[in-house]
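Report on the following structure.
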2 protein chains.
Amino acid sequence: MTGQTRLSWTDVRDTIRTRILNRTYAPGDKLPRDEDIAIELGCARITVHRAMQDLALTGLVERKRKGGTHVRTDPVTRATFDIPITRREVEQRGSKYGYQLISRTLQDAPASVLARFGLQQPTRMLHVKALHLADNRPYIFEDRWIDSSVSPEILDVDLTTESANEWLVHNKPYSRLDVRFYAINAKGESAQHLATPAGSALLVIERTTWIEQDPITTVQAYAAPGYQLAALN
Amino acid sequence: MTGQTRLSWTDVRDTIRTRILNRTYAPGDKLPRDEDIAIELGCARITVHRAMQDLALTGLVERKRKGGTHVRTDPVTRATFDIPITRREVEQRGSKYGYQLISRTLQDAPASVLARFGLQQPTRMLHVKALHLADNRPYIFEDRWIDSSVSPEILDVDLTTESANEWLVHNKPYSRLDVRFYAINAKGESAQHLATPAGSALLVIERTTWIEQDPITTVQAYAAPGYQLAALN
DNA sequence: AAGTGGTCTAGACCACCTT
DNA sequence: AGGTGGTCTAGACCACTTG
């Protein structure tokens, strides 16, 4: 016999993916049961399962108990993004990181902020505006609200030194996250602090986090013109 | 004894995640070996492994062979986005989908397009501009280049009826994908076709795909003002 | 009711990395 | 060199979902 090494689940995944690209298994087709594929390829069923799991995650196939595995007819483009701490992001670009606190006030959160958290009741929160710089040039302007009843310690943090971004990441792990992207025209503060003409198109990254049911923070990060966010891979 | 059911890997994941949020395992700490956790919780090592895998994917912990598992000091915010076929996206919003071909020409790809593919040689490509509508209102304007030597069949497709987006998704699976987001001010065609004043901020979703080493297509999708892209979960 | 994916166990060995 | 995560096998049982 040919003394080949054992199949790894990535081998199995690649084999099946190739067959899908091949049209051996065409869109909409039902694939053989995991067990049959295992027998055919000569590996354990769980190895096929692992491979399939990965293909399902990528959006190439769809699995249902009893229904079996099908090649998706409308493959979904699925992309994953890392949104690091801003300091880290700047430093990884090889730039010098800078930070400025713009304002810090305790006030009732407006309806739009309450809505992001899904809150009904008026709530007093810490409102922080800050600017992150790369090589002394504006990089990201952030407008953040922090629920100070959930994170009372934040009230004692010197935000002129340490950014709320960084403090929260290091001290307030979250259990739920909402992220969304959109574009907006610079105006007022965002234009001023990013040193760009009013009307410039800005990418906004809006993040809201909770710990269990409790709101932690919500932030709109306005990236300076030219900013791009690229997916992993 | 209490007749509890067996631990699932999600239970184990949740237990460990709670401990991390608890600071039982603080940022930077080394976690016990998988096997010790398995013994402590009373499950198989592989079950702990599965849980850890998930936590590592989410960016909460970092694993290294021999080095063990550590709680990340700078947890990364990681978000996954689905970018469906535009027709599907519109229909899932409950709107009526519409499509218009704007132009279709065979021409040499400009340097910017070649750069996206990482190509050096001048290449003749099919250049397609099209508009997707939701309830008869402009939704996404797409500016697309297709390598017609890799996908010659596209030359015979009636793009006035079927969008290139859809045809490609159904007929040209890709093996590599690049996705990036940025914001841009509407001008010229993008403003005109999206029926928005020049200068409006637009979210651009740029996607480039390859099959193995061969370029398939690259597209800049300009979303109408107000468009938001939300992460899964 | 029955088929198929989902997961757990126990044991073994491999592969990578740090010391 | 040795420790730790990574994965494979074989078998069993569970859970969902469809016919």
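Protein chains get the first letters and strands the later ones, always in sequence-line order, with residue 1 at the start of each.
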Problem - Which residues share a ring pair (Phe, Tyr, Trp, His ring centres under 6.0 Å) with Tyr99(A), sequence neighbours left out - result: His132(A)
Exercise for the section: Just jot down the side chain to side chain donor-acceptor pair (under 3.5 Å) partners of Arg63(B), sequence neighbours excluded, or say none. Expected result: Asp34(B), His49(B), Thr69(B)
Problem - Glu62(B): partners by salt bridge (charged side-chain N to carboxylate O under 4.0 Å, His left out), with sequence neighbours left out - result: none
Exercise for the section: Going 5' to 3' through nucleotides 5-13 of chain D, assign each nucleotide B (protein heavy atom under 4.0 Å from a base atom), S (under 4.0 Å only from sugar-phosphate atoms) or - (no protein heavy atom that close). Expected result: BBBBB--B-
Exercise for the section: Check ring pair (Phe, Tyr, Trp, His ring centres under 6.0 Å) between Phe141(A) and all other residues, then give those that pass, not counting sequence neighbours. Expected result: His193(A), Tyr222(A)
Fill in the blank from the handout: Those residues at least two apart in sequence (or on a different chain) that pass ring pair (Phe, Tyr, Trp, His ring centres under 6.0 Å) with Tyr227(B) are Tyr139(B)
Practice task
Return the set of residues passing side chain to side chain donor-acceptor pair (under 3.5 Å) with Thr161(A) (not counting sequence neighbours), or none when no residue passes.
Solution key: Asp158(A)
Practice task
May I ask you to list the residues of residues 12-22 of chain A, by number, that have any heavy atom positioned under 4.0 Å from an atom of DNA chain D?
Solution key: none
Problem - Listed partners of Thr217(B) passing side chain to side chain donor-acceptor pair (under 3.5 Å), at least two apart - result: Arg144(B)
